[in-house]
Amino acid sequence: MTSDHTEPARHTPPGRTRDHWCSVRQDLNRRRSALTARAARAFPAHLRVAGTPLLARPGWIPDRPVPLERVRLVWTGDSPTAPVDGHSAALDPIRPLRDDGTPYATYAEAVRELARPRLFENRVCYRLLGVSGGGPPTLTFGRGHYFDVIDICEAAAHEFAAAAPPEGEQPPDRARTPFRALIGDPTDLARRPVLAAIATLVLRHGPGRAPAHRDAEFVLHWRDPAKVATGGGLYQVTPVGMFQPSHDAPWNEANDFDLWRAVVRELSEELLGTDEDYGSDTAPIDYDGWPFHRALGEARASGAARAHWLGLGVDPLTFVTDLLTVLVLDAEVFDELFRELAATNDEGRLVGVEDGTGRSLGIPFRADHIERLTTTHPMQPAGAALLALAWQHRDALLD
């Protein structure tokens with residue numbers, strides 16, 4: 001005997017459909033700049049760096065630039081468990097449901113299936129555990145993984161976008177953003193896993209004339225939302241990259257645990273368009289034998305390249321943390337090392353200005369450009385803070 005009974009269709013709440021999730025994700029990328037400004041209003045003004053949206057604790061931003069070699073790194077190995085992670089039940093409202101009614105386990109899982117960017121790997125990263133000042137800056141790190149950025153930071157931004165309608169300028173009520181409320185203070189490094197990126201402002205410094213900053217220009221980058229998982233649609237200094245080993249092979253963890261080496265790798269990848277495969281899956285990188293690293297090191301030893309630490313801060317929308325550095329290169333060194341400057345790379349494209357002959361140049365390091373980029377353009381908070389701080393310290397950086 002046959003039955004006419006069929007299984008009733010499962011009902012997915014409108015706010016949990018995959019189409020709705022994709023719509024909010026697209027809206028997040030479209031409104032990142034405006035949403036960042038709204039998110040910043042939830043925090044006291046004294047936490048904001050140089051009048052930008054970037055947030056920092058007292059002691060995180062030094063009074064003057066610190067030579068990068070004076071920044072001390074401490075390694076602890078495995079990291080402690082944090083109270084908040086990307087599996088929190090507070091994220092249930094923004095986890096879409098599959099056809100069978102089961103939710104995606106994490107935000108990264110949803111991104112992988114529904115909005116995967118070009119670069120998307122759960123690589124090993126250095127997890128920031130502590131920051132101390134009062135002397136040479138000291139940063140303490142343990143072991144983490146990149147998807148913590150997606151599962152926590154991008155999820156928190158998605159939640160904010162879903163709760164913040166286009167009209168209005170104030171952040172939504174905390175009751176509508178339970179995950180953000182659970183995180184609480186985004187500068188609390190013990191509350192959640194914090195993986196830091198290194199953001200570097202590169203200044204090309206020309207022949208000496210007074211005042212010195214009139215001869216400087218900088219490189220700017222636009223992050224393509226189709227290529228990146230965070231910060232899509234915004235302008236940013238370049239290079240920027242997660243502080244992480246070059247490969248997950250265990251010998252890289254110690255060999256790559258160095259801010260300068262990480263900056264050099266990103267310079268090669270983002271400004272020259274080189275491959276991220278250094279062969280370190282089979283052997284650690286021989287930095288002393290790498291011509292590009294050696295040339296930059298020689299320039300640094302001679303004073304033709306100067307690397308400085310300007311502190312660190314947290315994005316108020318995504319809670320992404322950036323270590324802030326500046327690299328000043330004498331014009332002849334910059335021109336020699338970056339003769340083949342890549343207009344596009346795996347994360348977006350470089351931005352320049354025209355000199356009247358059709359030749360694209362870097363952005364002049366001038367007050368009007370700094371003001372425009374830090375107040376009216378859709379800049380990532382870390383990039384805006386770097387530009388503002390570098391301008392404040394221009395005499396020390398370019399002397």
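- Using the six-membered ring where Trp is involved, Trp290 and His293 have ring planes that are parallel, under 30° apart on the 30 and 60° scheme.
- Put simply, the side chain of Asp151 gets close to the backbone of Ala108: a donor and an acceptor are under 3.5 Å apart.
- Between Phe141 and Tyr126, the ring planes lie perpendicular to each other; the angle is over 60°, past the 30° to 60° tilted range.
- The shortest side-chain heavy-atom distance between Val202 and Leu267 falls under the 4.5 Å cut-off.
- Side-chain contact annotation: Thr17 with Asp19, donor-acceptor N/O pair under 3.5 Å absent.
- To the nearest 0.5 angstrom, Leu312 atom CG is 6.5 Å from Leu128 atom CG.
- Rounded to the nearest 0.5 Å, atoms CG (Asp215) and CZ (Arg204) are 9.5 Å apart.
- The nearest pair of heavy atoms linking Ala56 to Gly313 is CB-CA, 4.5 Å.
- Figure legend: Arg18 and Trp21 shown without cation-pi pairing, the cationic atom not lying both under 6.0 angstrom from the six-membered ring centre and within 45 degrees of its axis.
- In terms of heavy-atom proximity, Phe160 sits nearest to Leu35 at CE2-O, 3.7 Å.
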Apply the test side-chain contact (heavy atoms from CB on, under 4.5 Å) to residues Arg31 and Arg38: give CA-CA distance (whole Å), side-chain angles for both, the deciding distance (0.1 Å), then the verdict.
CA-CA 11 Å; Arg31 292 198 291 147; Arg38 288 174 75 168; 3.8 Å; yes
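- The distance from atom CG of Asp315 to atom SG of Cys153, rounded to the nearest 0.5 Å, is 8.5 Å.
- Taking the ring centre of Trp260 as origin, the terminal cationic atom of Arg300 falls inside the region bounded by 6.0 Å and 45° from the ring axis.
- Here Asp368 contributes atom CG and Leu373 contributes atom CG; the two are 9.5 Å apart, rounded to the nearest 0.5 Å.
- Side-chain contact check for Tyr278 versus Glu269: some heavy-atom pair is nearer than 4.5 Å.
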With side-chain contact (heavy atoms from CB on, under 4.5 Å) as the criterion, how do Phe365 and Leu398 come out once you've worked through the C-alpha distance, each side chain's angles and the decisive distance to 0.1 Å?
CA-CA 11 Å; Phe365 190 52; Leu398 299 178; 4.0 Å; yes
I'd like to know whether Phe319 forms a side-chain contact (heavy atoms from CB on, under 4.5 Å) with Arg192, so could you lay out the CA-CA distance, the side-chain angles of the two residues, the decisive distance to 0.1 Å, and finally the verdict.
CA-CA 10 Å; Phe319 301 156; Arg192 62 186 174 96; 3.6 Å; yes
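- Between the side chain of Asn255 and the backbone N or O of Pro284, no donor-acceptor pair lies under 3.5 Å.
- A 4.5 Å side-chain heavy-atom check between Thr318 and Arg32 finds at least one atom pair inside the cut-off.
- Remark: the Ser79 side chain and the Arg143 side chain contain no N/O donor-acceptor pair separated by less than 3.5 Å.
- Using modelled atom types, one finds a donor on one side chain and an acceptor on the other under 3.5 Å when comparing Glu113 with Tyr104.
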Using the rule given for side-chain hydrogen bond (donor to acceptor under 3.5 Å, both in side chains), can you reason through Arg123 versus His145, listing the C-alpha separation, both sets of side-chain angles and the distance that settles it, and then say yes or no?
CA-CA 6 Å; Arg123 293 261 309 277; His145 289 84; over 6 Å; no
Pair Asp330, Arg306 - check salt bridge (charged side-chain N to carboxylate O under 4.0 Å, His left out), show working.
CA-CA 9 Å; Asp330 286 355; Arg306 286 86 67 198; 2.8 Å; yes
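- Looking only at distances, no side-chain donor or acceptor of Arg112 sits under 3.5 Å from a matching main-chain atom of Glu109.
- With a 4.5 Å cut-off on side-chain heavy atoms, Asp322 and Ile198 do not count as touching.
- At a cut-off of 3.5 Å, with distance as the only test, a side-chain donor of Thr238 or Glu270 sits close to an acceptor on the other residue.
- In this structure the side chain of Gln380 never reaches within 4.5 angstrom of the side chain of Val237, judged on heavy atoms.
- The backbone N or O of Asp92 lies less than 3.5 Å from a partner atom in the side chain of Arg16, making a donor-acceptor pair.
- By the 4.5 Å heavy-atom criterion applied to side chains, Val219 and Leu201 are not counted as neighbours.
- A pairwise comparison of heavy atoms in Pro136 and Arg70 identifies CB-O, 3.5 Å as the closest pair.
- Side-chain atoms of Tyr287 and Asp256 form a donor-acceptor pair, as typed in the model, at a separation below 3.5 Å.
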Walk me through whether Phe120 and Phe147 qualify under ring-ring contact (aromatic ring centres under 6.0 Å, His included).
CA-CA 9 Å; Phe120 200 66; Phe147 277 6; 4.6 Å; yes
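- Side-chain contact between Leu324 and Leu54 is present, with at least one heavy-atom pair separated by less than 4.5 Å.
- To the nearest 0.5 angstrom, Leu327 atom CG is 10.5 Å from His308 atom NE2.
- Annotation: Arg41, atom CZ; neighbour count of heavy atoms from other residues, nucleotides and ligands within 6.0 Å is above 12.
- Remark: Arg176 does not engage Asp173 in a salt bridge, criterion side-chain N to carboxylate O under 4.0 Å.
- At a threshold of 4.5 Å between non-hydrogen side-chain atoms, the residues Leu397 and His205 do not count as touching.
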Pair Val326-Leu203, side-chain contact (heavy atoms from CB on, under 4.5 Å): steps then yes or no
CA-CA 7 Å; Val326 175; Leu203 290 171; 4.1 Å; yes
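- In this structure, the separation between CG on Leu28 and OG on Ser23 is 11.0 Å, given to the nearest 0.5 Å.
- Here the two rings, on Tyr107 and His158, have centers that are under 6.0 Å apart.
- Residues Ala155 and Ile94 approach most closely at O-CD1, 3.4 Å, considering heavy atoms.
- For the pair Ser33 and Pro378, the tightest heavy-atom approach, listed with the atom from each and the gap, is OG-CA, 3.4 Å.
- With sequence neighbours left out, the side-chain contact (heavy atoms from CB on, under 4.5 Å) criterion links Thr374 to Ile370, Ala384, Leu387.
- One N or O on the side chain of His247 and one on the backbone of Ala249 form a donor-acceptor pair closer than 3.5 Å.
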